[in-house]
Amino acid sequence: MGRYVVRLPDIGEGTTEAEIVAWHVAVGQEIREEDPLVDIMTDKATVELPAPVGGTVLAINGNPGEKRAVGSELVVLDVTGAGNVADLPGASRSSKPQPKQPLTRPSLHAGHPLPASGERVGPAKREGEGQEINGAGAEVISLARIAGEGAELRAKSHGEAGEGVRQMPSARRFGAKPLASPAVRRRAWDLGIELQFVPGTGPGGRITHQDLDTYIASRSQPTAASAPALARRDGVDEVPIIGLRRAIAEHLQQSKRQIPHFSYIEEVDVTALEELRAQLNAKHEPRGHLTLLPFLIRAIVNAVADHPQVNARYDDSAGVLHRHNAVHIGVATQTEGGLLVPVVGHAEALDLWQAAAELRRLTETARAGKATRDELTGSTITITSLGALGGLAATPVINYPEVAIVGVNRIAERPVVRDGQIAIRKMMNLSSSFDHRIVDGWEAAAFIQRIKQLLEQPALLFIG
């Protein structure tokens, strides 16, 4: 038997560290080659690292939410054969392996003890760690699969007894905080249910949606469907900001700290555009459905030709503005795990239906948690839209290091004055923000006015 050390691989693109999102293995667990070991995240892209060899897990290093340097030790395996590191002098090869643990994944809750035999595996130094034996190190693992951010933990099937059997509710120590996902907590709040009274059947006593259903069914009093009794709510939920949420927080904080924002809001009459869109969808249904965004993308592409200053990325540390000939448009997309910005590359080369198809592909990929690093980076200007929830106006945050972001508010019928008469028109506001270090107020206004002209007279979108 030998030891095999799996280290955090170099993912490229100048990455020096990555954050642990979720562990898929526990100490004492037997795994096979290509079984998932851990999800790591860098630049909002979550990557699943597979096991390069099969063996028994001896140690895992780092808790969810902890950042690890490239090359640092992640997992130590007991493998058949020599492994990739030598045993320490005096170490016994005949020591008994730790007993197998149930094949469930560790909790995502930061600081939750990882299952081990006798003691918790922590960052303390372990046998053989930190010593270079014969110059050998762990092999670089290929990034074989992309993992979904915030996906439900699923146990890998190894044929263990009891697999797939629903766990009995675990006893919770009096006063202990119940474990539950944000979605379960929100549902319990809406139903007026105190989670401390709900037995949990998930890993570590975690409360699931099914546990809530069972608890509701067992109660004799009316559920939230009828008028619930008013009751006080006490306590504070402590939610660790890790993973994608931490990446979002750090990125937006950087934007607001370093970029002097100013916003410009203008209303646009999209009545003619909506009529054209309806006609195109009816006549060319097989080509795919067109939303407003492909038209806005075409308008931005045309407008930046006259205003290249807004299609740029500013390196403030070097004092250099990079004005791009290509138009790579980021589209802010809400996912279950948080906000992602997939990028429609070379939008200047796409027609309406090609842009619509690429938008669908990217948003579906992002919401499934499978967007790659390349699909989430490199934008030169960004669109943000909340659709029907878009409100009247907003002051969007610039996607650093870009210098402009165009926000779309909802379309609504409003009375407007046209040629001295009141008419009902479909109106929409554009709420945009700019980096005042690079874009002057006149430049920003002229850029948005050009977009307004193109959207109000959509025939201009198809002329030169």
Side-chain angles (χ1 to χ4, degrees), residues 263-307 310-311 327-333 344 346-363 381-394 396 404-434 444-464:
S263 296
Y264 181 87
I265 300 171
E266 178 61 289
E267 66 177 1
V268 181
D269 185 341
V270 294
T271 306
L273 177 62
E274 285 295 278
E275 291 174 354
L276 173 63
R277 188 171 70 87
Q279 293 173 7
L280 291 176
N281 281 331
K283 186 174 181 180
H284 301 283
E285 183 177 359
R287 300 184 67 179
H289 183 75
L290 293 175
T291 65
L292 172 76
L293 290 186
F295 294 91
L296 180 59
I297 287 175
R298 289 306 311 163
I300 290 176
V301 167
N302 288 357
V304 298
D306 297 325
H307 304 279
V310 300
N311 186 50
V327 184
H328 305 310
I329 299 182
V331 181
T333 303
V344 179
H346 287 286
E348 75 279 1
L350 304 178
D351 63 23
L352 289 176
W353 285 274
Q354 289 171 333
E358 182 67 356
L359 276 171
R360 282 192 298 271
R361 184 190 71 81
L362 287 170
T363 54
I381 188 170
T382 293
I383 295 172
T384 178
S385 170
L386 290 177
L389 299 176
L392 293 177
I405 182 170
V406 178
V408 181
N409 299 113
R410 71 168 179 261
I411 299 174
E413 289 188 336
R414 302 178 200 161
V416 297
V417 177
R418 292 177 63 89
D419 300 324
Q421 301 294 322
I422 295 178
I424 303 302
R425 307 290 292 178
K426 291 183 178 179
M427 306 298 293
M428 176 188 76
N429 286 351
L430 289 178
S431 300
S432 305
S433 295
F434 301 88
F447 172 66
I448 296 301
Q449 290 300 323
R450 175 58 176 161
I451 292 177
K452 174 179 179 175
Q453 180 189 32
L454 292 166
L455 295 180
E456 290 188 336
Q457 304 175 57
L460 298 176
L461 292 171
F462 307 98
I463 300 175

| message | As a quick check of understanding, evaluate side-chain contact (heavy atoms from CB on, under 4.5 Å) for I451 and E266, giving each step before the final call. | response | CA-CA 10 Å; I451 292 177; E266 178 61 289; over 6 Å; no
Discussion item. Determine whether F295 and V270 satisfy the following criterion, side-chain contact (heavy atoms from CB on, under 4.5 Å), listing intermediate values before the conclusion.
Written reply: CA-CA 11 Å; F295 294 91; V270 294; over 6 Å; no
Report task. Output, in order, the C-alpha distance, side-chain angles, deciding distance and verdict of side-chain contact (heavy atoms from CB on, under 4.5 Å) for E348 and H346. Result -> CA-CA 5 Å; E348 75 279 1; H346 287 286; 2.8 Å; yes
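H328 contributes atom NE2, which lies 12.0 Å from atom OG1 of T382 (distance to the nearest 0.5 angstrom). Within the model, atoms CD1 of I405 and OG1 of T384 stand 5.0 Å from one another, a figure rounded to the nearest 0.5 Å. Note that CD of Q279 is 10.0 Å distant from NE2 of H284, once rounded to the nearest 0.5 Å. Note that the NZ atom of K452 and the CG atom of L430 stand 9.5 Å from one another [nearest 0.5 Å]. Atom CG of L296 sits about 8.5 Å away from atom OG of S385, to the nearest 0.5 Å. To the nearest 0.5 Å, the span separating CD1 on I329 from CG on N311 amounts to 8.0 Å.
Between I381 and A404, the shortest heavy-atom contact is CG1-O, 3.6 Å. Across every non-hydrogen atom of I265 and A394, the tightest pair is CD1-O, 3.9 Å. N429 and E267 get closest at one heavy-atom pair: OD1-CB, 3.1 Å. The two residues A303 and L454 come nearest to each other via the heavy atoms N-CD1, 4.4 Å. Across all their heavy atoms, A446 and H307 have their closest contact at CB-CE1, 3.5 Å.
By the 4.5 Å heavy-atom criterion applied to side chains, L273 and L292 are counted as neighbours. Side-chain contact between F434 and F447 is present, with heavy atoms from C-beta onward closer than 4.5 Å.
Between the side chain of T333 and the backbone N or O of V331, at least one donor-acceptor pair lies under 3.5 Å. Remark: side-chain polar atoms of T271 are paired, donor with acceptor, to backbone N or O of K426 under 3.5 angstrom.
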Using a 3.5 Å cut-off and no angle test, enumerate the donor-acceptor pairs between side-chain atoms of residues 406-423 and protein atoms at least two apart in sequence or in another chain.
| unit_1 | atom_1 | unit_2 | atom_2 | d |
| --- | --- | --- | --- | --- |
| N409 | OD1 | S431 | OG | 2.7 |
| N409 | ND2 | G390 | O | 2.7 |
| R418 | NH1 | D269 | OD2 | 3.2 |

Return all side-chain donor-acceptor pairs below 3.5 angstrom for residues 352-361, not counting sequence neighbours, or 'none' if the list is empty.
| unit_1 | atom_1 | unit_2 | atom_2 | d |
| --- | --- | --- | --- | --- |
| Q354 | OE1 | D351 | N | 2.9 |
| E358 | OE1 | R361 | NE | 3.2 |
| E358 | OE2 | R361 | NH2 | 2.9 |
| R360 | NH1 | H289 | O | 3.1 |
| R361 | NH1 | E375 | OE2 | 2.8 |
| R361 | NH2 | E375 | OE2 | 3.4 |

